[in-house]
Amino acid sequence: MHLLSQLNPQQRRACEITEGPVLVLAGAGSGKTRTLTYRIAYLIKELGVAPEAILAFTFTNKAAQEMRDRVEALVGAAVRSMWLGTFHAVAARILRQEIAVMGYGPRFGIYDAEDARNLVREILREMGLDDKKWPPAQLLSHISRAKNAFLTPDDWSDASFFGRRVQEVYARYQERLRALNALDFDDLIFLTVQLFDRFPEVLARYHRRFQYVLVDEYQDTNLAQYRLIRQLAAGHRNLCVVGDDDQSIYGWRGADVRNILEFQREFPDATVIRLEENYRSTGNILAAANAVVRNNRERLGKELWTRKEPGERISVYEAPDENAEAWQAAQIVGLAVQQGIKPSECAILYRTNAQSRAFEMALSRVGLGYRLVGGKRFYERKEVRDLVAYLKVVYNPLDDLALLRIINFPRRGLGEVALERLAAYQRERGIALYQTLGEAEAVAGLSPAGQRAAQELCELFGHWRAVAAEGDLAQLVRTVAEESGLLPLYQREGTSEAEDRLENLGELISEARRFQIEQGTADLGDFLSWVALVSEWDQTDQRSDGVWLMTVHSAKGLEFPLVVLAGLEEGIFPHARAFDEPSGLEEERRLFYVAVTRACRRLVLMHAKTRIVQGRAQSNPPSRFLTEIPEELLEPLDFVRPREGAKVERGATCFTLGETVTHPRFGRGTVVATRGEGEDTEVTIAFPGGGVRSFLAKYAQLIKEA
DNA sequence: TCCACGGGCATTTTT
DNA sequence: TGCCCGTGGA
């Protein structure tokens with residue numbers, strides 16, 4: 001029993017009750033991941049269960065990786081054969097094996113949000129609808145909701161004008177996906193559940209294989225995921241789910257807290273274990289979190305406690321505007337770093353990604369590095385998507401959408417006219433666009449040059465397919481990047497923008513190599529699944545030490561000694577979009593609870609009197625969540641002086657020639673010219689090595705040093 | 001066919 | 001503010 005000796009009694013119970021259904025209600029910081037990790041280790045090491053017989057679901061790839069590492073540390077490399085991943089990744093893996101009976105080819109593509117949007121846009125064009133009046137993203141969210149409720153287009157019952165349109169888009173969308181041999185994120189789960197429903201013998205095979213099923217972040221599962229869990233656990237019923245109803249923050253994505261209640265109805269014999277001792281935060285931080293979340297009605301009821309000291313009180317800072325807020329946050333972190341804390345032990349959290357910019361500027365100004373989670377992601381870069389599109393066609397020639405993206409990029413003389421001819425030919429025969437390339441000679445009205453271009457492209461793809469068969473993924477990606485003309489195109493250009501793109505393409509090649517080594521497979525389909533399903537987390541730069549900048553959603557599951565939570569105003573956090581229904585507000589409150597419980601020792605809460613939102617100034621009262629914290633836990637924050645103690649004037653509009661000022665992005669420089677006055681002052685600054693630039697003073701946020 | 005410009009619009013959270 | 005798209009000019 002050595003293995004479990006480091007756990008508290010409840011945690012230990014959660015590990016030892018391996019047979020039958022178990023529901024672990026684990027509060028924030030109560031050692032949830034630790035418990036799950038030990039449970040797996042216990043199964044393997046103490047009970048001799050084969051790792052292949054264990055299936056574990058996590059919510060993010062990052063969590064999966066972390067859990068794998070931690071289990072490996074306990075039991076060794078044997079865990080590699082355990083199935084552990086996100087619902088989407090596991091479903092994709094099952095479908096690669098089994099999808100044929102569902103009428104798709106095994107080499108299906110996976111469409112991410114942008115692919116799906118493009119497809120919907122194309123459908124709208126076909127239907128003659130304006131994508132301004134029918135925003136693709138909104139249509140897709142309806143479609144997604146339908147899929148999560150297991151409604152096919154035929155099951156659609158909303159007969160309103162709007163509803164019928166959505167239904168038609170949905171129907172066409174599914175039709176097109178099938179023709180493209182592609183699945184969107186929801187399809188991965190939806191189809192797996194359907195597969196198991198229709199083919200019990202297939203499900204039985206997985207029952208035999210997976211003796212133990214574990215689910216992390218259970219409160220964030222949606223109905224479809226819940227059904228999948230239920231199916232997989234139906235055989236042996238050795239199911240352990242771990243969750244916290246107070247941390248359910250994905251309702252907008254269909255997650256349903258009621259799955260926790262449902263679990264107890266479905267498995268009345270389930271053992272319920274509560275983990276309520278918090279090991280992370282000081283008493284004051286915990287008291288604040290408890291006090292706020294207590295205002296929610298829809299909860300199971302749970303009260304975290306700690307043996308720790310109350311610790312410091314929680315600081316509250318009211319900033320004049322969002323730039324001052326960011327500036328102050330940077331100062332606080334800077335001071336803490338001076339006192340010996342590592343930058344990576346500090347996090348600045350906010351509600352929406354759009355808030356990050358001010359912090360980025362403020363931190364660079366103070367000379368602190370940062371790591372930004374979210375925002376523009378690697379796989380969303382144009383050049384990366386282009387190269388991936390080539391790979392998608394190599395893998396799945398039915399993917400017209402991917403082919404269309406790159407058919408004339410880099411330019412190869414297949415312009416609008418040629419495409420129209422190819423499309424006409426394609427429509428006539430009902431074949432994939434790719435096939436028309438090979439039959440270019442037969443395409444009526446296609447110019448000889450167009451024919452040649454099409455043929456050449458077709459041969460290239462044939463060649464790449466042969467390279468793919470050789471089984472060296474990185475080599476394949478490099479070859480495609482080279483021979484498609486993407487790499488040469490940017491090499492020729494020589495601008496700094498082209499440099500960036502080259503670097504990104506190179507990065508994708510490196511990713512392929514890394515994937516091949518770490519995942520032990522060179523299969524293009526596996527790689528493309530991975531590309532489609534990796535969260536941004538996996539893409540953040542792990543090398544540099546820096547302050548963390550991220551949304552509260554991204555921060556779930558993490559902890560930091562120092563947390564600055566910013567933007568606590570009505571309309572921002574809670575977000576204005578959540579005001580409509582009480583459940584929306586409760587979710588915001590849970591989100592706030594998640595944010596507060598990230599902090600170990602020190603928590604700073606900030607709000608701004610005015611803030612520019614969507615280019616317009618807003619004044620919002622402080623967030624209601626601030627007022628829900630008992631006053632004795634709070635203390636107003638004294639303005640933290642800048643580090644050099646210099647007198648500083650922000651947002652100045654009056655300058656003297658030759659004066660030294662600091663620009664948030666470009667750093668220090670010398671004023672060489674001014675024009676206009678007051679609000680309209682335009683100031684020209686020379687930066688050492690950075691050139692000469694002009695700014696409108698009211699926007700530039702220049703800082704004067706006296 | 002390409003680029004420059006300008007107007008209009010935007011921001012919830014992510015697999 | 002900044003990004004994206006459409007327009008218009010070269």
Side-chain angles (χ1 to χ4, degrees), chain A residues 57-64 85-92 110-116 121 131-132 135 137-138 140-141 144 147-148 183-190 217 220-222 224-225 247-255 321-323 349-358 361 373-377 379-380 382 408-411 413 415-417 529-539 550-556 567 571-580 584 587-588 590-592 594-595 611-618 664-665 695-696 698-701:
Chain A
F57 290 107
T58 60
F59 198 64
T60 62
N61 297 290
K62 165 81 177 162
T86 63
F87 281 95
H88 294 89
V90 169
I110 299 174
Y111 274 20
D112 65 15
E114 192 183 322
D115 297 324
R121 224 170 263 133
D131 67 356
K132 291 264 155 40
Q138 206 184 325
L140 279 163
S141 94
S144 173
K147 286 184 183 176
N148 284 326
L183 311 185
D184 69 12
F185 284 161
D186 295 315
D187 284 339
L188 289 170
I189 317 271
F190 185 64
E217 307 282 14
D220 288 325
T221 53
N222 62 29
Q225 291 163 337
Q247 292 190 69
S248 167
I249 55 173
Y250 285 92
W252 49 276
R253 212 169 87 189
D321 61 32
E322 77 276 10
N323 290 312
L349 307 181
Y350 36 80
R351 177 66 239 272
T352 65
N353 274 312
Q355 288 166 258
S356 73
R357 177 161 282 117
M361 297 203 300
V373 180
K376 61 262 156 228
R377 311 179 203 176
Y379 288 103
E380 285 171 10
K382 180 193 176 304
N408 199 34
F409 190 86
R411 317 208 156 269
E416 223 174 306
V417 182
S529 294
W530 183 82
V531 166
L533 298 173
V534 275
S535 79
E536 90 227 29
W537 249 109
D538 309 277
Q539 297 153 33
M550 66 183 104
T551 64
V552 179
H553 279 90
S554 311
K556 191 165 83 152
I572 306 290
F573 196 175
H575 196 274
R577 294 279 287 262
F579 289 157
D580 306 341
E587 179 149 318
E588 294 290 307
R590 292 192 293 267
L591 195 55
F592 182 80
V594 168
R611 169 185 304 276
I612 309 284
V613 182
Q614 288 173 36
R616 226 170 268 138
Q618 273 186 12
R665 197 152 68 200
F695 307 93
L696 266 181
K698 66 175 163 180
Y699 293 128
Q701 295 296 334

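Any value given below was found using the heavy atoms of this structure, including those in side chains, with hydrogens, waters and symmetry copies removed. All chains are named by letter (A, B, ...) in the order of the sequence lines, taking the proteins before the strands, and each is independently numbered beginning at 1.
- For Glu588(A), taking side-chain heavy atoms from C-beta onward, the closest of the listed nucleotides dT12(B), dT11(B), dC3(C) is dT12(B).
- Counting any heavy atom pair closer than 4.0 Å across all strands shown, Tyr250(A) reaches sugar-phosphate atoms only and no base atom.
- Looking at Tyr350(A), its side chain never comes within 3.5 Å of a backbone N or O of Val552(A) through a donor-acceptor pair.
- dG2(C) and dT11(B) are spaced 12 Å apart, taking the C1' atom of each and rounding to whole Å.
- Atom CG of Asp115(A) and atom P of dT15(B) are 16 Å apart (whole Å).
- Thr352(A) and Gln355(A) share a donor-acceptor pair across their side chains, judged by distance under 3.5 Å alone.
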Every protein N/O within reach of nucleotides 4-10 of chain B N/O, cut-off under 3.5 Å:
unit_1	atom_1	unit_2	atom_2	d
dA10(B)	N6	Gln614(A)	O	3.3

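- Between the P atom of dT13(B) and the CZ atom of Arg253(A) lies a distance of 13 Å, rounded to the nearest Å.
- Once rounded to the nearest 0.5 Å, the distance linking NE2 of His553(A) with OG1 of Thr60(A) reads 13.5 Å.
- Checked against dT14(B), dG2(C), dT11(B), the side chain of Thr352(A) finds its nearest nucleotide in dT11(B).
- With hydrogens and angles ignored, no donor-acceptor pair under 3.5 angstrom links the side chain of Trp252(A) to the base of dT12(B).
- One can place NZ of Lys556(A) at 20 Å from P of dT12(B), the figure rounded to the nearest angstrom.
- Considering only side-chain N and O atoms, Asn353(A) lies under 4.0 angstrom from the phosphate OP1 or OP2 of dT14(B).
- In this structure, the nucleotide among dT15(B), dT13(B), dT11(B) sitting nearest to the side chain of Thr551(A) is dT13(B).
- In this structure a side-chain-to-backbone donor-acceptor pair under 3.5 Å is missing from Arg351(A) to Ile572(A).
- With Glu587(A) contributing its side chain and Gly584(A) its backbone, the two residues share no donor-acceptor pair below 3.5 Å.
- At whole-Å resolution of the value, CG in Leu591(A) and C1' in dT13(B) are 7 Å apart.
- The P atoms of dT13(B) and dC4(C) are separated by 15 Å, rounded to the nearest whole Å.
- Not a single donor-acceptor pair, N or O on each side, falls under 3.5 Å between the base of dT11(B) and the side chain of Arg577(A).
- For the pair Lys556(A) and Tyr250(A), the NZ or CZ position fails the cation-pi test of under 6.0 Å to the six-membered ring centre and within 45 degrees of the ring normal.
- Atom-to-atom distance recorded for Asp220(A):CG and Thr58(A):OG1 is 11.5 Å, nearest 0.5 angstrom.
- For Arg351(A) and dT14(B), the CZ to C1' distance is 12 Å, given to the nearest whole Å.
- Of the listed nucleotides (dT11(B), dC3(C), dT14(B)), dT11(B) has the atom at the smallest distance from the side chain of Ala354(A).
- As rounded to whole Å, 11 Å separates atom C1' of dC5(C) from atom CZ of Arg121(A).
- Gln618(A) pairs by the side chain to side chain donor-acceptor pair (under 3.5 Å) definition with Asn620(A), not counting sequence neighbours.
- At a cut-off of 3.5 angstrom, the base of dT15(B) holds at least one donor-acceptor pair with the side chain of His88(A).
- Distance, Asn222(A) CG to dT15(B) P: 14 Å, rounded to whole Å.
- Nucleotide dT15(B) holds its P atom 14 Å from the CZ atom of Phe87(A), rounded to whole Å.
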